[in-house]
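The structure appears right after this line, and notes come after that.
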Amino acid sequence: MDLSFTPEQIAFRDEVRAWIREAMPPRIREKAAVDGHFEHDEIMAWHRILHAKGWVAPHWPAEWGGAGLDVTRRFILTEELELAGAPSLSPFGLMMVGPLILQFGTDAQRRRFLPKIVAGEEVWCQGYSEPNAGSDLASLKLSADPDGKGNYVLNGQKTWTTYAQYADWIFVLARTDKTAKKQSGISFFLVDMKTPGVTARPTLTTAGTPAFCDTFFENVVVPGENLVGPLHGGWTLAKALLGHERTYIAAVGMSTRVLRRVKRIAAATTERGVPLLEVPAWRSRIARLEIELLALKMTNYRALASAELGHAPGPESSILKIRGSEINQQCYELAMDLMGHDALSWHNEPGTIPEHEASVPPQFQYARAASIYGGSNEIQKNVIAKLILGLPS
Amino acid sequence: MNFDLTPDQKLLESTVASFVKKEATVSRFRALRDDPVGWSKSLWKTMAELGWIGLVFPESAGGLGGSFVDVAIVLEQLGAGLVPEPFVASVLCAGTALLRLGGPEEHEAHLAPLIAGDTSLALAWAERGGRYDPTWVETTAIRNGDEYVLRGEKVFVLNGHAADTIVVSARTAGNPGDSDGISLFVLPRDTAGLRIKTIRTMDGHKAAMVSLDGVVAPASMRLGAEGAAAPVLDEIMDLGAAAACAEGLGVMRAALGMTVDYLKTREQFGLKIGTFQALQHRAVDMFVRAELAKSTSILASIKVADPDPAERRSAVSAAKVELALCGRYVTQQSIQLHGGIGITDEHDIGLYFKRMHVLNALFGDEEHHLARFAAQPSF
Ligand SMILES: Cc1cc2nc3c(=O)[nH]c(=O)nc-3n(C[C@H](O)[C@H](O)[C@H](O)COP(=O)(O)OP(=O)(O)OC[C@H]3O[C@@H](n4cnc5c(N)ncnc54)[C@H](O)[C@@H]3O)c2cc1C
Ligand SMILES: Cc1cc2nc3c(=O)[nH]c(=O)nc-3n(C[C@H](O)[C@H](O)[C@H](O)COP(=O)(O)OP(=O)(O)OC[C@H]3O[C@@H](n4cnc5c(N)ncnc54)[C@H](O)[C@@H]3O)c2cc1C
């Protein structure tokens, strides 16, 4: 085992750093400096810049537009991007449906969809949850019935579809066999959001932003070639995708950045003239969280290294989901606590509180979702109990 | 020991509870989030007529002479309904300053219309560099003959955006952090040089950033003896903290109630989610936490009037720390157990979570009160 970087790896890190400094457009750099909220068009602009460099999909094979980097370089690239505060790219294409199409799709599907995901020409969203199928995903009702002409007709509703309002495509789980046992009658479809009958209606979150939508399907005709994997075999794909999603949800980079902000806030906030960063109680609270984040980061590295060896993400990814969401929430909580009265601020008018603090309150709000989406933490614990500890159900 | 409410207190509790249920509902608060004032002057008047504002003041000042326990009963119910009317800012904070430092003339001029529900007040004490320390006053009041000239900035002044009169702390002598040399001035909101900027707070309430740009205040606007306001501000911080505990208790209990109801109705895996033992135990933990917070809140409500400041501080700080620990747990878990719907603005549970966070940040947060608790002679 060797966890230190070689001179070549250090040279690569410096190259990445220098490139980011150069490539980041001024508007994005300004926001990154204060950890501001990136709009959809800013994220996509950054996507295209990364794509031009060939770094948009470090985890994809080179033949499909991946960066062709070994596992350590991938860590380095991802970490540098996150530390620079670069916009995080939409995960639904790159992290979720892309790898799935690679693994389970046909060649035709790979050729049709993967290049546009990498190029940022088509944006995706995830249509899993339904009003009565949240944790109990297998009880979903969206129906997909063959029309006799090689197509499927979709009817029903998805809910909490993040950023469906910006998406060109949605991947959905739909019921193709109503008589089979819950899990065995589900199929995985790719649906063009422009198909007649698809409507996405945004809902406000507690953070005050329209992040997710109710997505309605009314006699939506989907060509048979958009079925991924076997008919009625969608559950296997669904589980594989959740594994990818949970690894991504560890959010180590995001929490690292928030902790960096925490320290910045602690240094800039004084009480009776003393910066909080120098007060022992605050220092030890920050240190404890930093150590917990380090433990998560190393665990994440272990998972990624195992994935590199070709192992599919296993139930261990639930560890990342549980601790990743908890630590992320604690980072924002600590930032809020440090801010004192400034944390009361909401839709901030310029000059009311320091600029680097302004996005903390809404992000703190939205962080509560991290332990709910992607399979709630309770469900992750059920998974660990059953699949790792072998406890009876 | 007896923790029972008197028959009068029980009556008060049920009166406030049914008033909140009828007149001051969460949906009303929701609608007021977009209103520039954020609370209703006519409801304020009604609250005054019901005697709740008068409870805070002795009969000698035109009030009803209630105890803080009575006030806490009102606050808990207001908290449960997320009632945004400025009871704490206006009555407990600014009202106490006027009561303690003002003479009969000031009582007549300011407390009488407040008790009648015709005006509202604010107390501007917080400054950027002082966090929760009311002696960190950088704002200056320089004496010039019969007048003072005030310069400085006050942050997050609760109800400052709507108050008819703002009581402002300023230094007439000494340096930031000194207890001596702080004076309070009573400024009508239209005083020249007094700039009030309304801001939204994260819980859907409003507050103000206030700057004093060469405000000229005649010496008659100073409350009490020059430079002697610190002990009163110290007492007000404790009253505010104890009030946050009482209100927070209402927030917690309402959030717990909503969550238990949800556990009884939401179905997943063909079962009510309340049948899952993992969630039953969570609900029990929430209940236990809310009860513990209630116990320390009761202690704070009794001790906040203790003549010994060390006794008062110790009990109030303990309650505020317990509020932070329990309130955070209860409201976070409330969102968690609601799943996706808990993250939407349209569902009320998120409003309770936000209010709880604000209550934790007001009048000293967990760290502040932990440190203060440990600094008391009894520790
Ligand atoms: C911000 C946000 C973004 C989202 N984005 C997307 C998206 O893009 N696409 C998508 O398809 N979905 C998305 N979701 C939906 C998300 O996956 C669901 O909210 C989640 O699966 C929980 O389902 P639910 O909301 O129906 O809660 P429920 O399943 O009703 O759960 C309520 C509570 O009960 C608990 N619970 C349920 N069953 C059990 C059990 N057996 N044992 C113990 N506890 C249990 C849960 O953990 C939770 O605490 C998003 C959600 C959020 C909050
Ligand atoms: C120091 C000591 C002194 C004692 N003295 C006495 C005595 O004087 N007289 C006497 O009669 N007994 C005595 N006991 C026995 C004691 O009452 C039992 O140990 C206790 O009731 C637990 O039973 P158990 O050991 O069989 O554990 P189990 O009942 O087998 O429980 C094992 C674990 O499973 C948990 N569990 C069980 N059912 C559930 C459920 N439905 N949901 C969630 N969790 C569950 C338990 O909480 C525990 O964590 C003593 C025990 C100890 C440790």
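Keep in mind the model is a prediction, meaning the values are calculated, not measured. Protein chains get the first letters and strands the later ones, always in sequence-line order, with residue 1 at the start of each.
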>> Is Leu351(B) in contact with chain A via its backbone, its side chain, both, or neither, using a 4.5 Å heavy-atom distance?
In response: neither
>> I'd like to verify something: which residue of Ala361(B), Gly177(B), Gly340(B), Gly342(B) has the highest number of heavy-atom pairs under 4.5 Å with chain A?
In response: Gly340(B)
> Partners of Ala243(B) by side-chain contact (heavy atoms from CB on, under 4.5 Å), sequence neighbours excluded?
Replying inline: Phe68(B), Leu75(B), Val88(B), Leu92(B)
>> Walk me through whether Ile372(A) and Ile335(B) qualify under side chain to side chain contact (heavy atoms under 4.5 Å, CB included).
In response: CA-CA 9 Å; Ile372(A) 295 169; Ile335(B) 290 197; 4.1 Å; yes
>> Counting only non-hydrogen atoms closer than 4.5 Å, does Ala133(A) touch chain B with its backbone (N, CA, C, O), its side chain (CB onward), both, or neither?
In response: backbone
> Of the listed residues (Ile341(B), Leu370(B), Leu362(B)), which shares the most heavy-atom pairs with chain A below a 4.5 Å separation?
Replying inline: Ile341(B)
> What part of Ala343(A) gets closer than 4.5 Å to chain B, counting heavy atoms only: side chain, backbone, both or neither?
Replying inline: backbone
Could you please show the donor-acceptor pairs under 3.5 angstrom between chain B and chain A, with distances rounded to 0.1 Å?
residue: Arg128(B); atom: NH1; partner: Asp342(A); partner atom: OD1; Å: 2.6
residue: Arg128(B); atom: NH1; partner: Asp342(A); partner atom: OD2; Å: 3.0
residue: Arg128(B); atom: NH2; partner: Thr352(A); partner atom: O; Å: 2.6
residue: Gly129(B); atom: O; partner: Arg272(A); partner atom: N; Å: 3.3
residue: Arg131(B); atom: NH1; partner: Leu338(A); partner atom: O; Å: 2.4
residue: Arg131(B); atom: NH2; partner: Asp337(A); partner atom: O; Å: 2.9
residue: Asp133(B); atom: OD2; partner: Arg272(A); partner atom: NH1; Å: 2.2
residue: Thr135(B); atom: OG1; partner: Arg272(A); partner atom: NH1; Å: 3.4
residue: Gly177(B); atom: O; partner: Arg272(A); partner atom: NH2; Å: 3.4
residue: Lys197(B); atom: NZ; partner: Thr352(A); partner atom: OG1; Å: 3.0
residue: Arg200(B); atom: O; partner: Trp346(A); partner atom: N; Å: 3.1
residue: Met202(B); atom: N; partner: Leu344(A); partner atom: O; Å: 2.7
residue: Arg266(B); atom: NH1; partner: Pro131(A); partner atom: O; Å: 2.9
residue: Arg266(B); atom: NH2; partner: Pro131(A); partner atom: O; Å: 3.3
residue: Gln268(B); atom: OE1; partner: Gly134(A); partner atom: N; Å: 3.0
residue: Gln268(B); atom: OE1; partner: Ser135(A); partner atom: N; Å: 2.9
residue: Gln268(B); atom: OE1; partner: Asp136(A); partner atom: N; Å: 2.8
residue: Gln268(B); atom: NE2; partner: Asn132(A); partner atom: O; Å: 3.1
residue: Phe269(B); atom: N; partner: Asp136(A); partner atom: OD2; Å: 2.7
residue: Arg282(B); atom: NH1; partner: Glu378(A); partner atom: OE2; Å: 2.8
residue: Arg282(B); atom: NH2; partner: Glu378(A); partner atom: OE2; Å: 2.8
residue: Arg328(B); atom: NE; partner: Glu333(A); partner atom: OE2; Å: 3.4
residue: Arg328(B); atom: NH2; partner: Asp337(A); partner atom: OD2; Å: 3.4
residue: Gln332(B); atom: NE2; partner: Glu333(A); partner atom: OE1; Å: 2.7
residue: Gln336(B); atom: OE1; partner: Ser371(A); partner atom: OG; Å: 2.6
residue: Gln336(B); atom: NE2; partner: Ser371(A); partner atom: O; Å: 2.8
residue: Gln336(B); atom: NE2; partner: Glu378(A); partner atom: OE1; Å: 3.0
residue: Ile343(B); atom: O; partner: Thr206(A); partner atom: N; Å: 2.8
residue: Asp345(B); atom: N; partner: Leu204(A); partner atom: O; Å: 2.9
residue: Lys354(B); atom: NZ; partner: Thr206(A); partner atom: O; Å: 2.5
residue: Glu367(B); atom: OE1; partner: Arg285(A); partner atom: NH1; Å: 3.3
residue: Glu367(B); atom: OE2; partner: Arg285(A); partner atom: NH1; Å: 2.5

>> Counting only non-hydrogen atoms closer than 4.5 Å, does Pro362(A) touch chain B with its backbone (N, CA, C, O), its side chain (CB onward), both, or neither?
In response: neither
> If you count heavy-atom pairs under 4.5 Å between each of Ala211(A), Gly134(A), Ala138(A) and chain B, which one has the most?
Replying inline: Gly134(A)
> Using non-hydrogen atoms only, which part of Phe269(B) is less than 4.5 Å away from chain A: side chain, backbone, both, or neither?
Replying inline: both
> For Phe353(B), is it the side chain, the backbone, both, or neither that has a heavy atom closer than 4.5 Å to a heavy atom of chain A?
Replying inline: side chain
>> Below 4.5 Å, heavy-atom pairs only: which of Gly129(B), Ala371(B), Ala126(B) has the largest tally toward chain A?
In response: Gly129(B)
> Heavy-atom distance under 4.5 Å to chain B: side chain of Leu276(A), backbone, both or neither?
Replying inline: side chain
> Residues two or more places apart in sequence or in another chain: which of them pass side-chain contact (heavy atoms from CB on, under 4.5 Å) with Leu391(A)?
Replying inline: Ala385(A), Leu389(A)
> Considering only heavy atoms, which portion of Leu279(B) lies under 4.5 Å from any heavy atom of chain A: side chain, backbone, both, or neither?
Replying inline: side chain
